[in-house]
Number of protein chains: 2
Amino acid sequence: MAQRRVTLAQVAEEAGVSSTTASFVLSGRTDMRISPDAQRRVREASDRLGYRPNLTARGLRTKVTHTFGLVSDIIASSGYAGEIIRGAVDEAATHQHMLFVGETQGDADLERQLVQELFDRQVDGLVYAVLGPRPCVPPETLRHRPAVLLQCIADGFDLPKVMPDDAQAGRESARALMVVGHREGVYAIGAHHRTEAHPAGIPAGLARMNGVEEVMAEHGTRLAGALQCTWEPAEGFAAVRSLLDSGVRPRALICANDRVAMGAYQALQEDGLRIPEDTSVVSVDNSDLATWLRPALSSVDLPYYEMGRLSVRLLAEPGDANGVHRVPMRMVARDSVAAPAG
Amino acid sequence: MAQRRVTLAQVAEEAGVSSTTASFVLSGRTDMRISPDAQRRVREASDRLGYRPNLTARGLRTKVTHTFGLVSDIIASSGYAGEIIRGAVDEAATHQHMLFVGETQGDADLERQLVQELFDRQVDGLVYAVLGPRPCVPPETLRHRPAVLLQCIADGFDLPKVMPDDAQAGRESARALMVVGHREGVYAIGAHHRTEAHPAGIPAGLARMNGVEEVMAEHGTRLAGALQCTWEPAEGFAAVRSLLDSGVRPRALICANDRVAMGAYQALQEDGLRIPEDTSVVSVDNSDLATWLRPALSSVDLPYYEMGRLSVRLLAEPGDANGVHRVPMRMVARDSVAAPAG
DNA sequence: GGCCTGAGCTAAATCGAATTAGCCTGAGTA
DNA sequence: TACTCAGGCTAATTCGATTTAGCTCAGGCC
């Protein structure tokens, strides 16, 4: 199958020098004096034979493998969070690294094992990521190794942490409505995500609602109501449905994400309410869905790609990066917001 | 930072044996006779010291790294195709392998380089994947190495190839309509994807339409029309819009994918047509979108996860696997299909 | 002539495992 | 007694690079 690989020793022989010399020439080290003639011979031999260094051997000797790992619970599987992987892969590539990807589906044992495995493979660093911002307990191994936590709230760990700036997302959502004049009849759909599974709400929900309330207070007003539900289309639909059924005609909806907004659209359109003339809608995610809806949905960008990138950058250029790095979340304005009628 | 790793030699010393003996015990080889007592001592020493083998060193010696690579153009970034990665990662894990993931955004040079890099890292095999089924030219290196092509139509390459069974998808779509009695007014939306960029259509479109026509012919009927457009919501909307504007009231739509179906929903609902009472809709993708739409969309499953899995399985268990492996595409029935009224 | 210096290069060690080729001991056998 | 043999183990090599330590030779200087 695979024809025998050419080794450095063969290149050296072909060039008529020692493998030491060949190594110095090919790794471009200038602190050793090699004659131009020898350099040329080595390079020519290398090209002629099609030499490629065995990175496994190099890694063994240098203890640097030019390799990072990304361990997550359910990133790849979850729609656009795959962008995290793409960001991480891209940034790794710019640093001449390859990326190992592992997923655990939340299984803690598997997780510990995976992290261990990656370090057994001598990765130079490891990103430990979870799908959404939430408290979690990374394997202890990470304490003593180069690692970055992504969306993972873990107080005891003195590592760089990358988080989306959810409070800003809330502020941007509210601000988009405030600037066009909305003050009354503004409802949050999904809100803190206070559900059976999360009676106190989820971190992203809490932070965003803080941001919303802060900006509305600045404008001398407040939410007309906050409907709690999971952040899926059917529940968004049901929440808005109940609002409409109780006789409320909301002037604006701040939806927890694009999926909730999709449900909201369905309910509003079912009752013949026009977006944005009758009801403005803003949301968070800036997923493709936002562009697919009619009218296109104004939505705060959830910077998965950027978070993946930043995480790997913090591995590649460590510096003094411990602590929380918040990645900005900006409103992407489309066609679902208008000034309140009347 | 990282405390010094324990080596096999240290375990051996702690156990009072040679590293050869330790190696035999820990790798569980039985062809060498080691006394039960020595075995116990080695194991205890290993546990006590927390020994973990250096897989880089092992890989150098054995030339087997327990590592696969996945190179693609734009998998991770593209919504649910990320499932390919998850399937590949999962299957790799069941074979005790880790997966390198690389993306090239379609840049051929980068691609060649990436493939080369992966083999420099001594991967045991490589999946070369593209987003949708299409003709493509893998790097030559793949000819002489363990590799699998995923959705990649490349005649000259004598490798295992994994493809979705698009013809079956077409058959399943049509069949879902035929069995409830549709014969007239059935339109394909998106169809072959004959657009400026692809005047002859795209492979998936051609195969699916063949399947559709085959089944309809079996039932003594044919499509009332096939509207060509790219497979995005806005174009699906426009296509159905034009149909409606020309006075046609379609009884059933066979949509190229869930996004097109979403556009179709929008157009139908805009005109007050009820799904499925007035118009049935079927589609392909079985993405989350299908469950989010109201009514939930009957859609043929696009088995990304399974394709990722199978690709890696073909690397892990080579056998005589060259040639095309078609992964089944099955209808997932939901609420968007009903018998034609009247 | 002897000594020093630096340019140019190489031998050998090293990384941490797996593996090959034996070595030693005591029991069994002729 | 001498010789085999098997059980139990180890020394040394190997994988393919990097890196340390040091060698050789020519030229310059006193």
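Residue numbers begin at 1 in each chain, while the letters A, B, ... track the order of the sequences.
Taking a cutoff of 4.0 Å between a charged side-chain nitrogen and a carboxylate oxygen, Glu306(A) and Arg309(A) do not qualify as a salt bridge. With respect to Arg41(B) and Asp37(B), a salt bridge is recorded, a charged nitrogen being found less than 4.0 Å from a carboxylate O. Between Arg58(A) and Asp120(B) no salt bridge is recorded (no basic side-chain N to carboxylate O distance below 4.0 Å). Comment: Arg112(A) does not engage Asp107(A) in a salt bridge, judged by the lack of any side-chain N to carboxylate O separation of less than 4.0 angstrom.
Distance, Leu60(A) CG to dT18(D) P: 12 Å, rounded to whole Å. When the P atom of dA17(D) is taken as reference, atom CG of Leu8(A) falls 5 Å away, rounded to whole Å. Distance Ile34(A) CD1 to dT18(D) C1': 14 Å, rounded to the nearest Å. One atom, CG of Asn54(A), and another, P of dA17(C), lie 17 Å apart when rounded to the nearest Å. In this structure, the CZ atom of Arg58(A) is 21 Å from the P atom of dA17(C), given to the nearest Å. Rounded to an integer number of Å, the gap from Arg61(A) CZ to dT20(D) C1' is 9 Å. Here dA17(C) presents its P atom at 9 Å from CD of Gln122(A), a figure rounded to the nearest Å. In this entry the distance linking CD of Glu13(A) with P of dA11(C) reads 12 Å, nearest Å.
In the helix from dG1(C)-dC30(D) to dA30(C)-dT1(D), the terminal helix axes, each the rotation mapping four pairs' C1' atoms onto the next four within five end pairs, subtend 80°, rounded to 10°.
Checking dC15(C), dT19(C), dA17(C) against every side-chain atom of Phe24(B), the shortest atom distance belongs to dT19(C). Between dA17(D), dC9(D), dA17(C), one nucleotide has an atom nearer to the side chain of Ser35(B) than all others, and that is dC9(D).
Partners of Tyr304(A) by side-chain hydrogen bond (donor to acceptor under 3.5 Å, both in side chains), not counting sequence neighbours: none found.
Of the residues near DNA chain C, Ser18(A) and Thr62(B), the one whose nearest nucleotide (by heavy atom distance) lies more toward the 5' end is Ser18(A).
A distance of 11.5 Å separates OG1 of Thr141(A) from CD of Gln113(A), quoted to the nearest 0.5 Å.
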